[in-house]
Amino acid sequence: MPLPEDFYDRVYAIVRQIPSGKVASYGDIARAVGAAGAARTVGYAMNASHGKDGIPAHRVVNRIGMLSGKAHFPGINAMEQMLEAEGVVIKNDQIQDFDRHHWDPVKELGIDLDDLGL
DNA sequence: TATTTGACACACT
DNA sequence: CAGTGTGCCAAAT
């Protein structure tokens, strides 16, 4: 279980479950993987998700719904372009009606923070 | 083996 | 109510 990839795999598993037109915050994902507070590490995991596929990193934003990681995408506008294509309204690198598009994995997937094996 | 960085989050002023 | 500073976990060097 102490495999480094395990952590990434958990993050990918959650991000992969994000439905189209929805977005999740790093903190929520961090909690979903059992690493509450490791939001930064989640972003790091996303950095490794580039070479992989099926990892809609463009649906992952910070808590305020800002496209903080847009700079890490191939195109500076690729992130918002994809989000807009899914029905998400982006304004000035920020998601409009973030609460409306917010998708909490812990809540939607019914993940029990006590059942993460901690 | 220890230190610094990192696509954040929360608390305080 | 808004802005600034500090703290968190894990990975990489």
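Residue numbering restarts at 1 for every chain, and letters A, B, ... go by the order of the sequence lines.
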Length of the [atom1]-[atom2] vector between [X] and [N], whole Å:
X       : N      : atom1 : atom2 : answer
A:Asp28 : B:dA7  : CG    : C1'   : 15 Å
A:Met46 : B:dC8  : CE    : P     : 12 Å
A:Tyr8  : B:dG6  : OH    : P     : 14 Å
A:Arg40 : B:dC8  : CZ    : C1'   : 6 Å
A:Ile29 : C:dA10 : CD1   : P     : 16 Å
A:Met66 : B:dA7  : CE    : P     : 12 Å
A:Ile64 : C:dA2  : CD1   : P     : 13 Å
A:Arg31 : B:dA9  : CZ    : C1'   : 9 Å

Mind checking [X] for me? I need base, sugar-phosphate or nothing, with any heavy atom below 4.0 Å counting as a touch.
X       : value
A:Ala57 : base
A:His58 : nothing
A:Asn62 : sugar-phosphate
A:Tyr26 : base

Can you tell me if [X] uses its side chain to pair, donor with acceptor, with the backbone of [Y] under 3.5 Å?
X        : Y        : answer
A:Arg16  : A:Ile55  : no
A:Asn62  : A:Met66  : yes
A:Asp104 : A:Val106 : yes
A:Arg10  : A:Val33  : yes

A:Leu109 side, atom CG; A:Gln17 side, atom CD - distance, nearest 0.5 Å
6.5 Å
How many angstroms lie between CD1 in A:Ile18 and CD in A:Glu108, if you round to the nearest 0.5 Å?
11.0 Å
When you look for runs of 3 or more Watson-Crick or G-U pairs in a row, both distances below 3.5 Å, which of them include DNA chain B?
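Result, WC/G-U stems under 3.5 Å: B:2-6 with C:9-13, B:8-13 with C:2-7.
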Closer to the 5' end of DNA chain B via nearest nucleotide, is it A:Ser25 or A:Ala38?
A:Ala38
Using the side-chain heavy atoms of A:Phe7, tell me which of these nucleotides is nearest: B:dA9, C:dA11, B:dA7.
C:dA11
Nearest-nucleotide pick for A:Tyr44, side chain only, options being C:dA11, C:dG7, B:dA7:
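Of the candidates, C:dA11 comes closest.
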Is the shortest side-chain N/O distance from A:Arg63 to OP1 or OP2 of B:dC10 below 4.0 Å?
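For A:Arg63, the contact criterion (side-chain N or O under 4.0 Å from OP1 or OP2 of B:dC10) is met.
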Check whether any side-chain N or O of A:Thr41 sits under 4.0 Å from OP1 or OP2 of C:dC8, and answer yes or no.
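No, because none of the side-chain N or O atoms of A:Thr41 sits under 4.0 Å from OP1 or OP2 of C:dC8.
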Identify whether the distance between the nearest side-chain nitrogen and carboxylate oxygen of A:Glu86 and A:Lys22 falls below 4.0 Å.
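Salt bridge absent between A:Glu86 and A:Lys22.
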